[in-house]
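Presented below is the structure to which this report refers.
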Amino acid sequence: MGAKKKSGKRKSGGTKDKRSGQGQRVGSSFAGASFERSQVLGSGVQTTKINVQAYAAVPTAWNALPGLPQEFTGREDEIAKVLSLLDPGNGAGAAVGSVAGLPGVGKTTLAHAVGRAALDKGWFTGVQLVNLRGYDPNPVPPQDALEALLRALGIAADHIPPTLDERAGLYRSQLDALARDGERFLILADNASTSEQIRPLLPARHHAVLVTSRHMLPGLGARLVNLHSLQPDAAVDLLRQRLEVADPDDRRVEEEPAAAEELAALCGYLPLALQIAAALVADDPYQPLSERVRMLTDAGSRLGSLDDGERNLRAVFDECLTRLTHQQADLYRLLGLHAGPDISTLAVTALTNQPADRITVLLRQLVQARLLTQNSQARDRWFMHDLLRVHAQEQAQIVMDAGRTARRRFEQARARLTDHYIRHAEAADAHLDYVKSNKSALFSSRAHALAWFDAERENLLAAAHADLSTPEEAARLGFAVADYLQWRWRLQDLLALSIKTLNACQALGNKGHLGAAWNNFGGALEACKRYGEAVAAYQTSLDLCQLTGDIRGQAASWNNLGKAFRHLERYGESMEASQTALRLYRQVNYAHGQSSAWNNLGNTFGDLKLYDEALRAHQTSLRREQQTGNTHSEAVSWNNIGTIFRALGRHTEAIAAAAKSVAILTQEGDWVRVGEASHELAITLSASGAEGSRIQEAWEQSAVAYSRVGEHEAAAISRANAENCIT
C-alpha cells in the first residue's frame, strides 16, 4: 500500500498572514460528484456507483465577508450584545449565538457586521459564511454545508467522506487541530430553519458559531438575541443615507422631515421595507416624500407598493406561510380579522372558538416563526408587526373571497370576536357606574374593570371604527366605552366615538337610543369646550326624550344644559335648567341625579358669588352621595366645598376639604380631577399662608396627575407654579 496523504493540517490548503490575522483558503467549487463504493457480500464483491448532488458552492475564503451597506445604521446595541456572546474571554467552550427575527429585519447584515467587528478585535483567525437557505424550497442539508466547510479548511475533495456523521467527525477534528495551534474561527450559519441544519456544524470547543434564523431554534441551546425593527430615528437615517448613496445632493429627507418620519412608520421601521421604499424614491428623484407616503397610506395597497422590481415584501411574507402547518396558517389568517394593535389570549379563543390551552400552543408556534410577538410584561397578549398585520388582513380577505363556505366561517369568527368585546365592555362599564347594582361576574372589581379597559382601549376603538356587522353592535359598543373614555380624558377618541354611536342610533331609528346618543355627544362636545354646540346637542336630546316620555333622560338633558349654560355665563338659564333637572330627578327618585343637580346649582351660585347658597347646595350634594356610596362624586363635592370655604376665608376647612378630595380621587385613579383638586389645594394653601414646601408639593402633584392623561398644557402651568414656589 502507498503512504497515506495528510489531510488534517491547514498548511495544505492556504496561507496565513501572521501580521494581520487575515487568512484565506482557496478551493475549487463543487457542484456534484460521483464515486464507487465496494462491499463484500458473501463470497463476492458488489460495486455501487453513487451520485452525490451538492448545492451551490459556498465561498471557501475564510474572510469572505461582504462589505456592509453604506446605509447600515442603528444597530450599535445589538452588535455589542452579540459580540458579548462570542468574546473568547468568556471561556474555552464553543460559543453559539443565534440572531432571530422576522423576515426583512436585517439579521444577515447584522451577522456580517458582528463578524467584521470580531475580526477587528482579533478574536478570530477567520470567518466562514454558510448560507443554509433554510426558507428556500430546497434548504441546504447539513452534509452539504459540512462539505463546503471542510473544503474551506483545506480538505481535498477526494478526502471528504460521504456520510453526515463522518463529515461531522472530520470537521470537528480539523477544528480541534486548529485550536491546538492557537487559531479560532467563527462560522456564520445564515438562514437556518431547523436545529438539524445547525447541530452538525457545532464545534466541540474554542471556536464559535453565529446562526441567523426566523425561528428560535431552541434545540441548539444557543444564546438568543431577538432582533427587532429599527428605532424611528435610525429608520429615518437609513432613508436619508440610502437616498444620498444614490444621489449625494438628495435632500428630501431634510426638506420633508415629517413626511420622512411618516414614511418610516408606514414601513414599520423594517429595514427591508425601508430599503425598498428608498429605492423607489431614489428612482424618482422629483417625487416628494409626501407623495410616496400617500401611496403607502392605504393599507390595501401598502404591501403592493413595497416592490422595487427585485425585492417584494409581500412575496417574502407569502413565503413565510408555506412554512406553516394548516392550523398555524389558518390562525394567522384569522388574526387578520382583528383590527386592533394587539390581542389577548381570551379574545383569540373567542375568535377561533377553541380552548385557551390549545390556542396558546398555536400562538407560541407563530411566535417561534417570528410572525407574532408575545408581550413580555402581559404574557396573555400578542401582537404582530404592522406590515405583517396588513399581510394577515390581505390573507383573511383572500380566504373570504375564495368561496361562500370560507366566507361564512370567517364572518362567524369576526362576529364572535365582536361579541366578546361588546360583552366585556358592557360588563366593565357596569363596574364603573356606582349606581348600577347588577355587576357582572366577568370582573372582580372596579379596578379590574378599569385595567381591562386600559389594556383593550385601542382594540375597542379599532372595533368601533371598523365596519361592524350591525348598527346595534356599533351602538352597544359606543355606549359601553363612552364613560371610560371620559374617565381617562381621551377626549378626541370620545368625540369620534360619540359621532359613530350617534350615526348607528340614527340607522336603528330608535328614538330612545338616539336621545341618549345625542346626550353623550353633547358631553363629548362640552368636554372639548365646544359649549355652544353642546347646548344644541343637549337640546336635541331633550326633545327626543320628551317625545318618548323618558323622564330620567329629560332630567339628564336639563342637568347637562345647566352645566353648558354656566360655561357660557348664561347663569339664569343655567339655574333654571338645573332646578328643572332636580325636580325631574325627584320625580323618578334618582338620588345620584339629584346630587348632580345640586352640585351644578352650587357651581352656578359660586360663580355668582352667592357663597352661602353655594355651600348649602354642595353640602346637600355631598350628603346624598355619601348615602349612595358614590365615592367619586363625593370627592367632587369635597373639592367644590373646599373652593367655597376658601372664598369665605375659612382656610382650615378649605384645606381639609381639598385634601379629602385629592385622597379619594387618587384612590379612584381619576387623574384629571386629581390634577384639578391638587390645583385647588395649592391655591388654598397659598391663600392660607402655608409653608412653601406644602404649596410646592400640591402643585407638583397636580402636574404629575395632568401628565398621566396627556393634559400637558395644564401640567406645564402647575409645574411652573411649583418652580415659582422654589424661587
Side-chain angles (χ1 to χ4, degrees), residues 6-30 56-68 79 82-99 108-132 140 142 144-157 159-160 167-168 170-192 198 200-212 222:
K6 293 183 180 180
S7 61
K9 293 295 184 180
R10 74 182 293 278
K11 293 178 182 177
S12 63
T15 61
K16 176 185 172 187
D17 184 341
K18 293 290 187 180
R19 291 170 299 172
S20 65
Q22 303 290 306
Q24 179 171 319
R25 300 184 178 277
V26 182
S28 60
S29 65
F30 177 73
V58 182
T60 58
W62 272 96
N63 294 319
L65 287 171
L68 296 176
I79 291 173
V82 180
L83 281 173
S84 70
L85 309 181
L86 307 178
D87 188 341
N90 292 335
V96 182
S98 177
V99 177
T108 298
T109 306
L110 178 75
H112 294 171
V114 168
R116 286 186 169 279
L119 282 175
D120 290 343
K121 290 177 178 292
W123 289 353
F124 298 102
T125 306
V127 178
Q128 178 61 54
L129 301 177
V130 182
N131 187 352
L132 296 173
V140 174
D144 290 348
L146 282 169
E147 179 183 352
L149 289 170
L150 286 168
R151 293 183 65 242
L153 286 167
I155 307 300
H159 290 170
I160 297 176
R167 290 181 179 184
L170 180 58
Y171 165 72
R172 292 193 178 99
S173 69
Q174 295 302 300
L175 289 179
D176 281 350
L178 291 169
R180 286 192 294 273
D181 287 344
E183 299 189 55
R184 189 171 190 254
F185 290 90
L186 171 64
I187 312 298
L188 291 185
D190 196 23
N191 282 317
I198 298 297
L201 312 185
L202 300 181
R205 59 190 182 128
H206 296 301
H207 307 283
V209 175
L210 180 60
V211 183
T212 72

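- Side chain of Tyr171 to backbone of Leu201: a donor-acceptor contact under 3.5 angstrom is found.
- We find the OG1-CG distance between Thr212 and Asn191 to be 5.0 Å, quoted to the nearest 0.5 Å.
- The shortest distance between side-chain heavy atoms of His206 and Leu175 does not fall below 4.5 Å.
- Considering Asp190, Leu186, Leu188 in turn, Leu188 is the only one that fulfils the side-chain contact (heavy atoms from CB on, under 4.5 Å) rule with Leu129.
- With contacts defined as side-chain heavy-atom distances shorter than 4.5 Å, the pair Arg172/Pro203 does not qualify.
- Side-chain atoms of Leu178 and Thr125, non-hydrogen and from C-beta on, never get closer than 4.5 Å to each other.
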For Leu119 and Leu65: C-alpha separation, side-chain torsions, deciding distance, then whether side chain to side chain contact (heavy atoms under 4.5 Å, CB included) applies.
CA-CA 10 Å; Leu119 282 175; Leu65 287 171; 4.1 Å; yes

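- Atom CG in Leu83 sits 6.0 Å away from atom NZ in Lys121 (nearest 0.5 Å).
- Atoms NE2 and CG, on His112 and Leu68 in that order, are 8.5 Å from each other to the nearest 0.5 Å.
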Check the pair Val130, Leu132 against side chain to side chain contact (heavy atoms under 4.5 Å, CB included), reporting the backbone distance first and the verdict last.
CA-CA 6 Å; Val130 182; Leu132 296 173; 3.6 Å; yes

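- Interatomic distance, CZ of Arg184 versus CG of Leu86, reported as 7.0 Å (0.5 Å rounding).
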Applying side chain to side chain contact (heavy atoms under 4.5 Å, CB included) to Ile155 and Arg167, what does each step give before you reach the verdict?
CA-CA 11 Å; Ile155 307 300; Arg167 290 181 179 184; over 6 Å; no

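- With rounding to the nearest 0.5 Å, the separation of OG in Ser98 from CD1 in Ile198 is 8.0 Å.
- Looking at heavy atoms from C-beta onward, Phe185 lies out of side-chain contact with Val127 at the 4.5 angstrom threshold.
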How far apart are the C-alpha atoms of Ile187 and His207, what are their side-chain angles, what is the distance that settles it, and do they pass the side chain to side chain contact (heavy atoms under 4.5 Å, CB included) test?
CA-CA 8 Å; Ile187 312 298; His207 307 283; over 6 Å; no

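- In this structure, OG in Ser84 is found 12.5 Å from CD1 in Ile79, a value given to the nearest 0.5 Å.
- The shortest heavy-atom contact between Pro200 and Pro142 is CG-CB, 3.8 Å.
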